[in-house]
Protein chains: 2
Amino acid sequence: MPRAGLAPATVVAAGAALADEVGLARLTMGLLAERVGVRTPSLYKHVASQDDLNRRIAALALNEAADAVGGAVQGLAGPDALAAAARAFRAFVLDHPGRYAATVGVEPTGPDDPMAAAGERLLGAFTAALRGYEIAECDVNHALRMLRSLCHGFATLQSAGGFRWSTDVDESFEWLIRFADRGLRTM
Amino acid sequence: MPRAGLAPATVVAAGAALADEVGLARLTMGLLAERVGVRTPSLYKHVASQDDLNRRIAALALNEAADAVGGAVQGLAGPDALAAAARAFRAFVLDHPGRYAATVGVEPTGPDDPMAAAGERLLGAFTAALRGYEIAECDVNHALRMLRSLCHGFATLQSAGGFRWSTDVDESFEWLIRFADRGLRTM
DNA sequence: GGGCATGGCTAACGTCGATAGCTTTAAGCT
DNA sequence: AGCTTAAAGCTATCGACGTTAGCCATGCCC
């Protein structure tokens, strides 16, 4: 029996990809094992449990989202930065619905949990997107939460098929970006 | 063996209550059976499957949310209506996290699915909350989606423990309501 | 009182997550 | 090179859970 040459990172990456393909709810240890060419119990040499796998996928997803948003904001400020961040975030969620779904409803276990750091990174990227707006110190956390709620809510609702009727969804999102921009401008 | 006097609605209500208590992910057919005083297979005389149970809980939750939001908006218009709707919605999600969680990620099976009607009712309640604002015909769907994304995003993020740091969450939500109000006022 | 639909029950199966314990691989030391 | 040993694979197995089959008691309707 030749070795498969697996590492935790390989397993997690394959799990994230599989979750994107079949949906997080249908991501099973057996399916993942088959995907990486190994028997189910062997996976437990690399991840502690399915919950552990989920957390690692979540950390990966948050880091990737932070990269996407951070990269999009690079060199921009004000409305351009805001729009770029929002679009990058939504695109990431729509492209990777499974791994993003892994991030909802899981709390970091402690302050040294990689997920916590990844979440901070994503938050930092959104903070950078607010650079250029005149936001009072006491309002910045509120604005950040507003922006995160807006992007998270829209992307997850769309990803779940929540927008059913006719109006064009992309158009709604652009409208929403302009709405947030106008609001942030007049503070 | 005396009859338990169950009906589908009883089972669904108990399931929703249990989901709120232990979390939707831990809602199991066995646990629900124990709760209603019956053996597991007997539940299948009232619901077709766990997926069916989930859909019925979702329909119940959407109807209750529509009632809550609709009732709160009653007799109000403009900023007052908007604030009342948003507060009622968030309160519902925080009070009933399990049954609300049942609504995310499930699509209505067809046009006669009770879930679709319930969703329309909730949408109608939010639409009523926008009465009093001067919104162009072509913008009303966008505004509705914005409002829904904002409320859904904030409530689910908070419900999942997504706001970890210090700033007061209630205060953020009130800030968010004022933000939306200002934006809707100037269109 | 005698059908008969209804709503319980027990028994059992398949799937899935997880653990135990064995074996083999391959890396590293002497 | 050859031995040691941790790591990584395997089979076998368990327990939980969803689901189905098939049986039996209840209680309504005539």
Side-chain angles (χ1 to χ4, degrees), chain A residues 1-60 98-99 101-107 109 115, chain B residues 1-60 98-99 101-102 104-107 109:
Chain A
M1 54 192 90
R3 296 249 167 143
L6 288 185
T10 321
V11 173
V12 171
L18 199 49
D20 289 339
E21 288 174 32
V22 305
L24 183 67
R26 278 191 278 270
L27 172 60
T28 190
M29 296 300 270
L31 198 59
L32 177 55
E34 188 181 1
R35 170 66 63 102
V36 299
V38 105
R39 300 292 184 152
T40 305
S42 304
L43 291 180
Y44 291 85
K45 299 288 169 142
H46 305 287
V47 295
S49 65
Q50 195 171 33
D51 185 70
D52 179 44
L53 173 67
N54 213 316
R55 301 183 105 79
R56 291 180 195 237
I57 292 176
L60 175 68
R99 73 235 273 154
T103 69
V104 318
V106 286
E107 295 231 39
T109 56
M115 235 184 65
Chain B
M1 56 194 87
R3 298 249 167 144
L6 288 185
T10 321
V11 173
V12 171
L18 199 48
D20 289 340
E21 289 174 32
V22 305
L24 183 67
R26 278 190 279 270
L27 173 60
T28 190
M29 297 299 271
L31 199 59
L32 177 55
E34 188 181 1
R35 170 66 62 102
V36 299
V38 104
R39 300 291 185 157
T40 305
S42 305
L43 291 180
Y44 291 84
K45 298 290 169 131
H46 305 287
V47 296
S49 65
Q50 195 172 31
D51 185 70
D52 179 44
L53 173 67
N54 213 315
R55 303 183 103 81
R56 290 180 195 236
I57 292 177
L60 175 67
R99 74 234 274 155
V104 318
V106 285
E107 295 233 38
T109 56

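Per chain, numbering begins at 1; letters A, B, ... match sequence-line order.
- For residues 44-55 of chain A, the pairs satisfying side-chain hydrogen bond (donor to acceptor under 3.5 Å, both in side chains) are A:D51-A:R55, A:D52-A:R56, with sequence neighbours left out.
- Residue B:H46 places no side-chain N or O under 4.0 Å from the OP1 or OP2 atom of C:dT6.
- Summarising the geometry, the separation between CZ on B:R26 and C1' on D:dA16 is reported as 15 Å, rounded to the nearest angstrom.
- The CG atom of A:L43 sits 8.0 Å away from atom CG of A:L53, with the distance rounded to the nearest 0.5 Å.
- Taken from CG in A:L31 to CG in A:L18, the straight-line distance is 4.5 Å, to the nearest 0.5 Å.
- In the helix from C:dG1-D:dC30 to C:dT30-D:dA1, the rotation axis of the first five pairs and that of the last five pairs differ in direction by 10°, rounded to 10 degrees.
- How far CG of A:D20 is from CZ of A:R99: 4.5 Å, rounded to the nearest 0.5 Å.
- Residues from residues 15-23 of chain A that place a heavy atom under 4.0 Å from any atom of DNA chain D: there are none.
- Looking at every heavy atom in both residues, B:I57 comes nearest to B:G15 through CD1-C, 3.7 Å.
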Summarise protein proximity over nucleotides 18-23 of chain D in one line of letters, 5' to 3': B for base, S for sugar-phosphate only, - for none, counting protein heavy atoms closer than 4.0 Å.
SBB---
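- Here side-chain hydrogen bond (donor to acceptor under 3.5 Å, both in side chains) pairs that include residues 31-41 of chain B, with residues two or more places apart or in two chains, are B:E21-B:R35.
- We find that CG of A:N54 is positioned 12 Å from P of C:dG17, with the value rounded to whole Å.
- Summarising the geometry, the separation between CG on A:D52 and C1' on C:dG17 is reported as 14 Å, rounded to the nearest angstrom.
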Tabulate below the donor-acceptor pairs under 3.5 Å that side-chain atoms of residues 7-14 of chain B make, not counting sequence neighbours, or state none.
residue : atom : partner : partner atom : Å
B:T10   : OG1  : B:A7    : N            : 3.4
B:T10   : OG1  : B:A7    : O            : 3.4

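- Applying the side chain to side chain contact (heavy atoms under 4.5 Å, CB included) rule to A:A58 yields the partners A:A102, A:T103, A:V106, A:M115; only residues at least two apart in sequence or on another chain are considered.
- Remark: B:T109 pairs with B:D113 by the side-chain hydrogen bond (donor to acceptor under 3.5 Å, both in side chains) rule, at least two apart or across chains.
- A close approach under 4.0 Å does occur between a side-chain nitrogen or oxygen of B:S42 and OP1 or OP2 of C:dC9.
- Distance, B:L53 CG to D:dC17 P: 15 Å, rounded to whole Å.
- Between the CG atom of B:L32 and the C1' atom of D:dC17 there is a distance of 14 Å, given to the nearest Å.
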